[in-house]
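Below you'll find the structure, written out as structure tokens, and then a few comments.
A quick note: this is a predicted structure, and the numbers were derived from the prediction, not measured.
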Amino acid sequence: MTTILVTGSSRGIGAAIASSLGDLPDTRVLGHATRSGPGANLAADLSEPDAPARLWAEALARAGGAVDVLVNNAGIFEASPLDADDWSESWARTMQINLTASAELCRLAVLHWQERGVGGRIVNIASRAAYRGDSPAHWHYAASKGGMVAMTKTIARGY
């Protein structure tokens, strides 16, 4: 049985990914969202720094100790104009959800596979904004997705 953890699986691209993967034979999909509900049987608010570790531990518990594939899809796209009073907070929130939480899940996945002595797969969902930027109110989003691309290439080179 192949176990796949898909973050952000309650709607949009994540829901489509989870649904498609769930149709594969001998495959168990563990879906994640901020709150449990349709398309998501694991809840974690990735804006909280300790949420990725809790999510990973819960996924392992539900999967009987082995997760084979990680799909980092969860993310936010919230405008933050340069003159917004909360610009720095918006930047930090976007980085936490879009990049830092994904990085922590990747780290835990790689450590898990190294400990088990097996390989695994990571699929990190980025955006064209990683390569061409985005609107003036979305610097933080473009930077988080650029970071996702660089992180993914680094993991691929290293492991």
Starting from the C-alpha separation in whole Å, work towards a yes-or-no answer on side chain to side chain contact (heavy atoms under 4.5 Å, CB included) for Leu60 and His112.
CA-CA 10 Å; Leu60 285 175; His112 171 67; 3.4 Å; yes
From [X] atom [atom1] to [Y] atom [atom2], the distance as rounded to the nearest 0.5 Å:
X     : Y     : atom1 : atom2 : answer
Asp26 : Met1  : CG    : CE    : 5.0 Å
Asp86 : Ser80 : CG    : OG    : 5.5 Å
Met95 : Ser47 : CE    : OG    : 15.0 Å

Determine, using the 4.5 Å side-chain heavy-atom cutoff (strictly less than), whether [X] and [Y] are members of one ILVMFWY cluster.
X      : Y      : value
Val69  : Ile13  : yes
Met151 : Ile122 : yes
Leu46  : Trp56  : yes
Ile125 : Leu105 : no
Val71  : Val118 : no

Within-4.5 Å side-chain heavy-atom neighbours: [X] and [Y]:
X      : Y      : value
Tyr141 : Asn98  : yes
Ile4   : Asp68  : no
Thr7   : Leu55  : yes
Asn72  : Val123 : no
Glu48  : Gln96  : no
Tyr159 : Trp113 : no

Could you pull out the closest heavy-atom pair between [X] and [Y], with the gap in Å?
X      : Y      : value
Arg116 : Val67  : NH1-O, 3.8 Å
Leu42  : Glu58  : CD2-CG, 3.2 Å
Pro81  : Ala137 : N-CB, 4.0 Å
Ala43  : Thr34  : CB-O, 3.7 Å
Thr94  : Ser144 : CG2-OG, 3.9 Å
Ala130 : Val149 : CB-CG2, 3.6 Å

[X] side chain to [Y] backbone, donor-acceptor under 3.5 Å:
X     : Y     : result
Asn73 : Gly8  : yes
His32 : Ala40 : no
Asn41 : Gly31 : yes

Should we say atom [atom1] of [X] is surrounded by more than 12 heavy atoms from elsewhere, each under 6.0 Å from it?
X     : atom1 : value
Arg54 : CZ    : yes
Trp91 : CH2   : yes
Asp85 : CG    : no

Any chance the rings of Trp87 and His140 have centres within less than 6.0 Å?
no
Go through the steps to decide whether Asn124 and Thr152 satisfy the test side chain to side chain donor-acceptor pair (under 3.5 Å), and finish with yes or no.
CA-CA 7 Å; Asn124 287 327; Thr152 303; 2.9 Å; yes
Please test Met148 against Ser102 for side chain to side chain contact (heavy atoms under 4.5 Å, CB included), starting from the C-alpha separation and ending with a verdict.
CA-CA 8 Å; Met148 180 74 85; Ser102 295; 3.3 Å; yes
Is the closest basic N to carboxylate O distance between Arg93 and Glu89 below 4.0 Å?
no
Do Leu30 and Val6 pass the side chain to side chain contact (heavy atoms under 4.5 Å, CB included) test, and can you show the C-alpha distance, the side-chain angles, and the key distance before you say yes or no?
CA-CA 6 Å; Leu30 300 173; Val6 180; over 6 Å; no
